[in-house]
2 protein chains.
Amino acid sequence: MSLVNVSEGASLALHGMALIARQQPQRLSVKYLAEKLHASQAHLAKVFQKLSKAKLVKSVRGPTGGFQLNKPADQITFWDIFRVIDGDKELGGCPFGKEYCAFHTCIFSKELNRISQDIYETFNKMKLSDFVGS
Amino acid sequence: MSLVNVSEGASLALHGMALIARQQPQRLSVKYLAEKLHASQAHLAKVFQKLSKAKLVKSVRGPTGGFQLNKPADQITFWDIFRVIDGDKELGGCPFGKEYCAFHTCIFSKELNRISQDIYETFNKMKLSDFVGS
DNA sequence: TACATTCAGGAACTTGAATACCGAAATAAA
DNA sequence: TTTATTTCGGTATTCAAGTTCCTGAATGTA
């Protein structure tokens with residue numbers, strides 16, 4: 001796994017959303033997306049339920065149904081998607097979420113928080129519209 | 001949790017090693033370290049077993065026993081310790097460890113791998129001797 | 001209307017990493 | 001030699017993410 005904390009679910013969300021963005025304005029079904037991504041249909045369905053509740057996508061039931069973007073692709077960032085699935089991450093404070101520390105001045109937070117900030121800014125800069133041609 | 005992937009075990013290893021470095025040349029017991037770090041004695045013991053096998057520390061049994069550094073503190077980096085505990089991380093390639101991808105040119109690896117490289121370099125730059133005064 | 005397709009969502013199961021437990025072995029000190 | 005202390009290492013447990021299963025609800029098509 002990577003040094004950056006991105007869950008399987010978040011990966012599915014990001015890739016799935018990018019596929020939908022690429023096919024706009026057509027909507028895509030979970031079944032199609034799962035095949036395309038070589039992923040579990042059940043898991044992908046759960047992920048898109050969350051994205052739907054977060055209003056990032058709109059769901060349409062029945063034949064010819066599926067999911068479509070709820071906003072223009074250039075108004076949805078990597079971070080918007082990521083936070084819906086792996087949403088409990090903290091940027092500042094103790095990198096390990098501890099109350100007590102044996103050190104007076106934290107030996108890790110300075111560098112780790114710099115990197116966390118970098119990750120946030122990078123994710124926040126990447127828009128779905130950037131992936132349309134990929 | 002932080003955006004950077006550091007397990008509880010790796011955190012214990014890093015903090016424990018820093019404490020030992022600070023007390024050199026005295027060796028410290030798991031019991032003492034666990035109290036100092038408000039951590040599980042059992043887990044800390046496991047972590048130090050691994051560090052011991054990796055020759056980063058030397059173990060001494062019996063009363064007055066404990067763990068001590070096996071090399072000078074300025075020759076042990078954050079990365080040396082980290083990789084022993086969370087050692088299966090990959091820097092290049094697919095950030096999600098996938099074989100197949102629905103995109104011709106990976107939409108994520110460029111930025112994520114840049115950040116992973118940054119994390120590696122940062123960890124590799126931090127030496128135990130840097131924490132002695134903390 | 002009847003039917004096939006698709007999303008919604010609860011619940012149970014699986015799996016692997018992380019964490020905890022416990023008896024054994026080593027050793028310093030009394 | 002006995003006792004207390006400490007690491008060693010196998011095993012067991014816990015926990016959360018991922019997965020599967022199932023029933024229900026919406027909706028286009030014949």
Side-chain angles (χ1 to χ4, degrees), chain A residues 1-2 5-13 15-17 20 26-70 82 84-89 96-98, chain B residues 1 5-17 20 26-70 82 84-89 96-98:
Chain A
M1 223 225 296
S2 163
N5 229 347
V6 179
S7 73
E8 175 78 11
S11 169
L12 290 179
H15 282 90
M17 292 289 279
I20 294 176
Q26 193 186 341
R27 54 175 169 256
L28 300 177
S29 71
V30 165
K31 189 182 173 194
Y32 172 85
L33 288 171
E35 281 169 5
K36 206 75 178 172
L37 295 172
H38 292 84
S40 149
Q41 194 170 324
H43 193 198
L44 201 56
K46 291 286 181 222
V47 166
F48 268 83
Q49 274 181 34
K50 287 185 187 173
L51 294 174
S52 178
K53 278 187 182 168
K55 307 282 189 192
L56 290 182
V57 293
K58 194 184 151 197
S59 68
V60 178
R61 293 186 182 185
T64 77
F67 291 93
Q68 63 194 57
L69 298 190
N70 207 16
F82 176 77
V84 171
I85 309 300
D86 292 353
D88 54 344
K89 301 297 163 57
F96 309 104
K98 294 292 179 186
Chain B
M1 222 225 296
N5 228 347
V6 180
S7 73
E8 176 78 11
S11 169
L12 290 179
L14 292 162
H15 282 90
M17 290 290 279
I20 294 176
Q26 191 186 345
R27 53 176 169 253
L28 300 178
S29 71
V30 165
K31 189 182 173 193
Y32 172 85
L33 288 171
E35 281 169 5
K36 205 75 179 172
L37 295 172
H38 292 83
S40 149
Q41 197 169 324
H43 193 197
L44 201 56
K46 280 292 180 213
V47 166
F48 268 84
Q49 270 181 38
K50 287 186 187 174
L51 294 174
S52 178
K53 277 187 185 171
K55 307 280 188 190
L56 290 182
V57 294
K58 194 183 151 197
S59 69
V60 178
R61 292 188 183 185
T64 77
F67 291 93
Q68 64 195 56
L69 298 189
N70 207 15
F82 177 77
V84 171
I85 310 300
D86 293 354
D88 55 344
K89 302 298 162 55
F96 309 104
K98 295 290 181 189

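Keep in mind the model is a prediction, meaning the values are calculated, not measured. Quick note: numbers below take in every heavy atom, side chains included, and nothing from hydrogens, waters or symmetry partners.
Here the P atom of nucleotide C:dA28 and the CZ atom of B:Arg27 are 8 Å apart, to the nearest Å. Atoms CG (A:Asp86) and C1' (D:dA16) sit 13 Å apart, rounded to a whole Å. Rounding to whole angstrom units, CD1 of residue A:Ile85 and P of D:dA17 are separated by 12 Å. A straight line from CG of B:Leu28 to C1' of D:dT5 spans 15 Å, rounded to a whole angstrom. B:Leu44 has its CG atom 13 Å from the C1' atom of C:dA20, to the nearest Å.
The closest side-chain heavy-atom distance from B:Lys53 to B:Val84 is not below 4.5 Å. Between B:Thr64 and B:Arg27, the closest side-chain pair of non-hydrogen atoms falls below 4.5 Å. At least one side-chain heavy atom of A:Phe48 sits less than 4.5 Å from a side-chain heavy atom of A:Ile20.
Without hydrogens or angle criteria, B:Asn70 side chain to B:Lys55 main chain gives a donor-acceptor distance under 3.5 Å. Within the 3.5 Å criterion, the main-chain N or O of B:Ser7 finds a donor-acceptor partner in the side chain of B:Asp86.
When the nucleotides D:dT20, D:dG18, C:dA28 are ranked by their closest atom to the side chain of A:Ser7, D:dG18 comes out on top. Which of D:dT20, D:dG18, D:dG28 sits closest to the side chain of A:Glu8 comes down to D:dG18.
Across the interface with DNA chain D, nearest-nucleotide mapping of B:Ser29 and A:His43 shows B:Ser29 to be the residue nearer the 5′ end.
Scanning both residues, B:Gln41 and B:Ala34, for their nearest heavy atoms gives CA-CB, 3.8 Å.
Classified by interplanar angle (parallel below 30°, tilted 30° to 60°, perpendicular above 60°), the ring pair A:Phe96/B:His15 is perpendicular.
Between atom CD of residue A:Glu35 and atom OG of residue A:Ser29 there is a gap of 8.0 Å, rounded to the nearest 0.5 Å.
Of the listed residues (A:Leu56, A:Val57, A:Leu51), just one forms a side-chain contact (heavy atoms from CB on, under 4.5 Å) with A:Phe67, and that residue is A:Val57.
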- Contact pattern, 5' to 3', of nucleotides 8-14 of chain D - B, S or - by protein heavy atom under 4.0 Å: BBB----
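Across residues 30-41 of chain B, B:Val30 each have a non-hydrogen atom less than 4.0 Å from an atom of DNA chain D (numbered order).
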